[in-house]
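Quick notes on the structure that follows.
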Amino acid sequence: MIKIHNLSKKYAEVEAIKSINLQVKPNELFGLIGPDGAGKTTLFRILTTLLIADSGNAALDGLDVVADYKKIRELIGYMPGRFSLYQDLSVEENLSFFATVFGTTIEENYDLIADIYKQIEPFKKRLAGKLSGGMKQKLALSCALIHKPKILLLDEPTTGVDAVSRMEFWQMLKKLQQKGITILVSTPYMDEASLCDRVALIQNGQILTVDTPNGISKSFSKPLFAVNASNKYQLINDLRNYDLAATVYPFGEFVHVTLKIKNPDTEPLKSYLISKGNKEIQVGAIEATIEDCFMELMKNGERRMNIEC
Amino acid sequence: MNIKKENIEIYVRNLVKKFGSFVANDHLNFEVYKGEIFGFLGANGAGKTTAMRILCGLSHPTSGEITVAGYDVYKQTELIKKNIGYMSQKFSLYEDLTVIENMELYGGIYGMSRKHIRERAGELLSRLQMEHTRKVLIASLPLGWKQKLAFSVAILHQPRIVFLDEPTGGVDPITRRQFWDLIYEAAHEGITVFVTTHYMDEAEYCDRVTIMVDGRIDALDTPGLLKERYQAANMNDVFIKVARPDFQLTINNEQ
């Protein structure tokens with residue numbers, strides 16, 4: 001449904017995206033996961049025909065983003081990262097404006113947005129600028145959907161949104177996917193990756209990997225351990241000074257550790273921590289999260305860059 | 001740093017803030033102790049920013065008894081501002097000034113001597129291993145470096161309390177962890193840290209966490225005790241149970 005081939009874009013000296021290749025299948029919920037400055041927005045702006053790439057090409061549903069830009073604009077629904085509705089129009093006016101621009105009416109496609117729009121309908125006379133963050137997000141999604149697009153492009157819809165609202169938003173996306181829409185969504189929150197069918201991890205304008213969330217977790221190269229003890233500050237410092245520790249990253253309640261040896265026995269690690277005076281020590285083997293994998297791939301990327309330099 | 005309950009840095013009793021008939025903060029009560037990392041969580045619109053602005057001396061409460069670093073939020077806002085540091089994701093440093101110019105500017109505003117600024121700048125830059133960036137424009141630094149630098153600038157004048165408003169939003173996972181290393185170090189040296197975040201794993205790094213819901217504080221305790229009380233596996237579950245008790249999780253991750 002979306003085909004991206006060797007796409008590159010520079011802003012002056014800065015390479016925003018470097019030879020990106022990516023394919024999104026019909027009706028897929030595809031996540032583009034990466035921090036600020038990774039190139040996510042540049043990619044979205046090219047796909048939505050708002051920006052022209054320096055080289056490479058991209059097609060949506062077989063239509064080229066440069067040659068067929070007018071047709072693509074009818075085909076897609078786009079929710080940019082920054083709230084971009086008319087603040088001085090009401091909720092209802094915004095929605096009917098977007099419907100009119102695309103030559104349709106709210107009534108005609110109400111079914112598609114009903115679940116989402118119902119939550120803000122009680123405030124339909126309120127100016128969009130006076131809505132709370134969560135309500136703005138729902139209105140923006142309604143406006144992006146009102147012309148019944150085949151493909152939905154969402155640039156960081158959940159940034160700065162609290163954990164509960166983020167989950168509600170993902171529930172809405174799942175429902176839209178069930179209605180046959182192909183969805184490309186970007187996010188800096190690694191934990192949202194598991195909610196996608198497939199994800200691309202992106203950093204510094206390059207794709208680190210593309211796979212199912214499960215496939216990415218399985219690709220983690222080393223045994224991974226979750227370690228805990230009563231004094232976390234001490235635990236982290238001790239782990240970092242441990243000769244056999246390869247990586248030490250705090251992960252919420254635990255510290256995730258990989259070792260320099262293969263198939264390691266964790267007893268030496270435990271005895272080391274005990275000898276340093278740690279108490280209530282827990283060590284358990286765990287499966288890598290997307291965030292573990294992202295950090296491993298980031299480090300590999302940096303190492304490759306250093307060798308090239 | 002051993003946190004002692006007698007060293008109260010922020011004292012809040014019955015804080016109420018109204019905007020017209022809307023109650024943004026509804027009788028908040030809490031204390032923050034010296035050297036503590038205090039996590040301030042809540043859903044969007046729960047009233048976190050309102051409370052934080054009051055504690056920073058930028059807005060007056062409608063009623064309540066509140067002191068920050070021992071100073072009264074009604075009458076001594078200038079003294080409060082001198083004794084706190086502030087950093088947010090949105091505004092941090094001047095892009096068209098160099099690293100050292102930013103430090104001189106902020107140090108100057110806080111009334112530090114030239115000599116003192118030089119000393120502190122050297123100390124903080126060496127800790128970040130960023131001495132070589134002294135004369136580099138902020139605009140040309142990667143985002144992660146900027147955020148770490150912004151934190152150092154916020155504690156340049158050795159404030160008693162530093163307020164961090166979503167300091168790690170959008171930052172890559174490695175930098176996010178390095179940022180928390182800086183927070184830990186600052187707290188270890190006795191700076192009190194008051195931090196908001198939407199990353200629930202970061203809530204686990206706090207000594208104590210509050211969760212605001214509709215202008216009230218509905219939960220306040222250590223992450224461990226909160227998880228116990230709400231029978232939750234992690235802080236994300238605690239947050240959902242507190243912020244939205246009626247929330248039904250219907251996404252199934254069958255992959």
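Just so we're on the same page: letters track the sequence lines, and every chain starts at 1.
Using a 4.5 Å cut-off on side-chain heavy atoms (C-beta onward), Phe251(A) and Glu204(B) make no contact. Looking at heavy atoms from C-beta onward, Val161(A) lies out of side-chain contact with His198(B) at the 4.5 angstrom threshold. Between Glu253(A) and Asp201(B), the closest side-chain pair of non-hydrogen atoms is not below 4.5 Å. Within the 4.5 Å cutoff, side-chain heavy atoms of Glu291(A) are placed close to those of Arg176(B).
Near-neighbour residues of residues 222-238 of chain B relative to chain A, defined by a heavy atom under 4.5 Å from a heavy atom of that chain, comprise Lys227(B), Ala233(B), Asn236(B). Contacts from residues 131-154 of chain B to chain A, taken as heavy-atom pairs separated by less than 4.5 Å, involve Leu143(B) in sequence order.
Minimum interatomic distance between Gln203(A) and Asp172(B) (heavy atoms only, all atoms of both residues): OE1-CB, 4.3 Å. Shortest non-hydrogen contact noted between Tyr199(B) and Pro188(A) is OH-O, 4.1 Å.
Both the backbone and the side chain of Glu185(B) come within less than 4.5 Å of a heavy atom of chain A. Proximity to chain A (any heavy atom under 4.5 Å) is restricted, for Ala243(B), to the side chain, taken from C-beta onward. When heavy atoms are compared at a cutoff of 4.5 Å, Arg240(A) approaches chain B solely by way of its side chain, counted from C-beta outward. Interface residue Tyr249(A): backbone and side-chain heavy atoms are both found under 4.5 Å from chain B. Met190(A) touches chain B through its side chain: at least one heavy atom from C-beta onward sits under 4.5 Å away, while N, CA, C and O do not. If you measure heavy-atom distances from Glu166(B) to chain A, the contacts under 4.5 Å come from the side chain alone.
Of the possible donor and acceptor atoms, one in the side chain of Tyr205(B) sits under 3.5 Å from a partner among the backbone N and O of Pro250(A). Remark: the backbone N or O of Asn44(B) is paired with a side-chain donor or acceptor of Asp162(A) at under 3.5 angstrom.
When Val171(B), Asp181(B), Leu41(B) are compared by the number of non-hydrogen pairs under 4.5 Å with chain A, Asp181(B) comes out ahead.
To the nearest 0.5 angstrom, Asp207(B) atom CG is 12.0 Å from Tyr233(A) atom OH.
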